[in-house]
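We use all heavy atoms of the structure for the numbers below, so side chains are in, but hydrogens, waters and symmetry mates are not. To find a chain, count down the sequence lines: A is the first, B the second, and so on, and within it residues start at 1. What you are looking at is a predicted structure, and each value in this text was computed from that prediction instead of being measured.
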Amino acid sequence: MNFKTENLCKRFSDGHYALRDISFTAKEGQSIAIIGPNGAGKSTLIKCLVGLEEITSGSISFGQVEISNMNKKNLRELRKNIGFVFQNFNLIQNLSVFHNVLFGTMGRKANPLSWFPLTASKEDRELVMFHLDRVGLADHAKKRVDHLSGGQQQRVAIAKMLMQKPKMIIADEPVASLDPKSGLEVIELLSTISREESLTVISILHQLDFARNYFDRIIGLKKGQIEMDKLTSNVSKENLDLIYSNPLEEIIV
Amino acid sequence: MPGRWKKTSFSTTIILVLVATLLVHGLQRSELTITRLTDGIWRLGDFITQAFPPDFSRITNILIASFETFEIALIGTIFGALLSVPLGVLAARNTTPHKSVYFIARGIISFLRAIPDLVWGLIFVVTIGLGPAPGIFAITVDVIGFCGRFFAERIEEIDSGPMDSLKVSGASKLAIVTGAILPATLPSFIATCLFSLEQSVRSAIILGLVGAGGIGVELQTSMQLFRFKEALTIILIIFAIVLGVERVSAYFRSKII
């Protein structure tokens, strides 16, 4: 799915501008890492993209559909095509891995019977196991989510998101609360899924090495504005220094 | 070193004087005297002497009435808890569809909670008639007042993450309630229901005294006919029921929480 923002601005009620004139286009299958220091507007941008924050001016388009003035019903329809990966996984801790992943169908399927393991169709149950196998957790289907590690929980969240059959993935710091090894596994998984299904991926990242190695393009935000927008192969250390006011070495450490 | 006494504020002084006045006035009105207290203790001794040994001749009827009391409590609690779930969703700030709905739902809960179960019992005995049905209605209403408030407050406390997760996937409000709110709150809801069942068993016994069925009716009859030996049997059975329900409820609550 192609994606475009034009002159996107977000001003909060206190008059502070979180985003100013954000314009960029994402081609189908392209992966984009959004980097920047704290307070740069990364999370606000992501929230605006899925309509969790209202924009002040400008436009956001998914494919041919412009969402800025969309009513709630149409916004819900659009969201069904966007898979969202959260920093804190947002799973139901006291339910099984299988049940959490099955909840990923809730956007697509209106029939409440399809939301429960007991009454879900054979097709959906098999799809849950297919995605759990894909994220390497088929053996953990019966376990409660709170018995899993952070990295495993994020993989469950990705399997749940895949149940939506998304056309695009948006991730809000998906590896921020994980150890380096688990973080690498999750980024590799997202990268593989994006490549295999030609899904557009937009992800906020603080780990510049992940951004360089697994994303096609890096957008740097600073004080609510785009400071840099380049293909990963063209990004230099000086470019990154401009985004982070402190020397880059300190940031990486 | 600070002094032993701190000067009290004006508002504290007013409250203390008010409480002291009410205490003195209340004691005067109740005509509670040492003589009455000592007489009462002697009469209690008389009652215990006359009640021993307990009379188990009508034990079958008493057990049937006890079972009816437990059923009144259980059915009332289940109905009340089920009705409290949608009311709790409407009365929680983070799930109510509109502010006006929130105020109406909160108002209903406050109204139901403000009126004691015994008063509800009297109202339903007058409107429905004698028997277990008014007891069930009275307990249902009482449980809604109790559980509705706790459910709403628990929903307001939950982490918004799982709700956001379903919201951004295009899920409906029903799906968000089913997939994010209920699973996260269910253990706490069940614990509240078990606690409510303990209260309902006590209420169901008292409700019998106003004609709403169960063992309360048996106790009232025995006391009015001065059949104290039978009354003691009933009191012992009430003690066993309340203690049993409390123990079982505490066990399950500890397992759930």
Peer 1: Contact part of A/Ile82 toward chain B, heavy-atom cut-off under 4.5 Å: side chain, backbone, both or neither?
Peer 2: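 The answer is the backbone of A/Ile82.
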
Peer 1: Checking A/Glu6 now: which residues fulfil side chain to side chain donor-acceptor pair (under 3.5 Å) with it, not counting sequence neighbours?
Peer 2: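 A/Glu6: no side chain to side chain donor-acceptor pair (under 3.5 Å) contacts found.
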
Peer 1: Can you confirm whether more than 12 heavy atoms, excluding those of B/Phe79, are under 6.0 Å from its CZ atom?
Peer 2: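 Check fails, neighbour count at 12 or below.
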
Peer 1: Do B/Val168 and A/Leu52 have side chains that get closer than 4.5 Å, going by heavy atoms?
Peer 2: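 SC-SC contact between B/Val168 and A/Leu52 confirmed.
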
Peer 1: Which distance, rounded to the nearest 0.5 Å, do you find between the CD1 of A/Ile92 and the CD1 of B/Ile158?
Peer 2: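 The CD1 atom of B/Ile158 is 7.5 Å from CD1 of A/Ile92, to the nearest 0.5 Å.
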
Peer 1: Among all residues two or more places apart in sequence or in another chain, which pass the salt bridge (Lys or Arg N to Asp or Glu O under 4.0 Å) test with A/Glu123?
Peer 2: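 Expected list: none.
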
Peer 1: For A/Phe86, is it the side chain, the backbone, both, or neither that has a heavy atom closer than 4.5 Å to a heavy atom of chain B?
Peer 2: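 Just the side chain, heavy atoms under 4.5 Å.
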
Peer 1: Would you list the atom pairs in which one atom of chain A and one of chain B form a donor-acceptor pair under 3.5 Å?
Peer 2:
from, atom 1, to, atom 2, distance (Å)
A/Arg76, NE, B/Gly170, O, 3.1
A/Asn90, ND2, B/Gly161, O, 3.1
A/Asn94, ND2, B/Pro183, O, 3.0
A/Lys160, NZ, B/Ser165, OG, 3.1

Peer 1: Of the backbone (N, CA, C, O) and the side chain (C-beta and beyond), which part of B/Leu174 lies under 4.5 Å from a heavy atom of chain A, both, or neither?
Peer 2: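 Looking at B/Leu174, backbone and side chain both touch chain A.
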
Peer 1: What part of A/Phe116 lies closer than 4.5 angstrom to a heavy atom of chain B: side chain, backbone, both or neither?
Peer 2: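 Only the side chain of A/Phe116 comes within 4.5 Å of chain B.
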
Peer 1: Around atom CZ of A/Phe210, are there more than 12 heavy atoms from other residues, nucleotides or ligands closer than 6.0 Å?
Peer 2: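 It does: A/Phe210 CZ has more than 12 such atoms within range.
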
Peer 1: Please name all residues satisfying ring-ring contact (aromatic ring centres under 6.0 Å, His included) with B/Phe151, sequence neighbours left out, ordered by chain then number.
Peer 2: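 Per chain and number, B/Phe151 pairs via ring-ring contact (aromatic ring centres under 6.0 Å, His included) with B/Phe189.
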
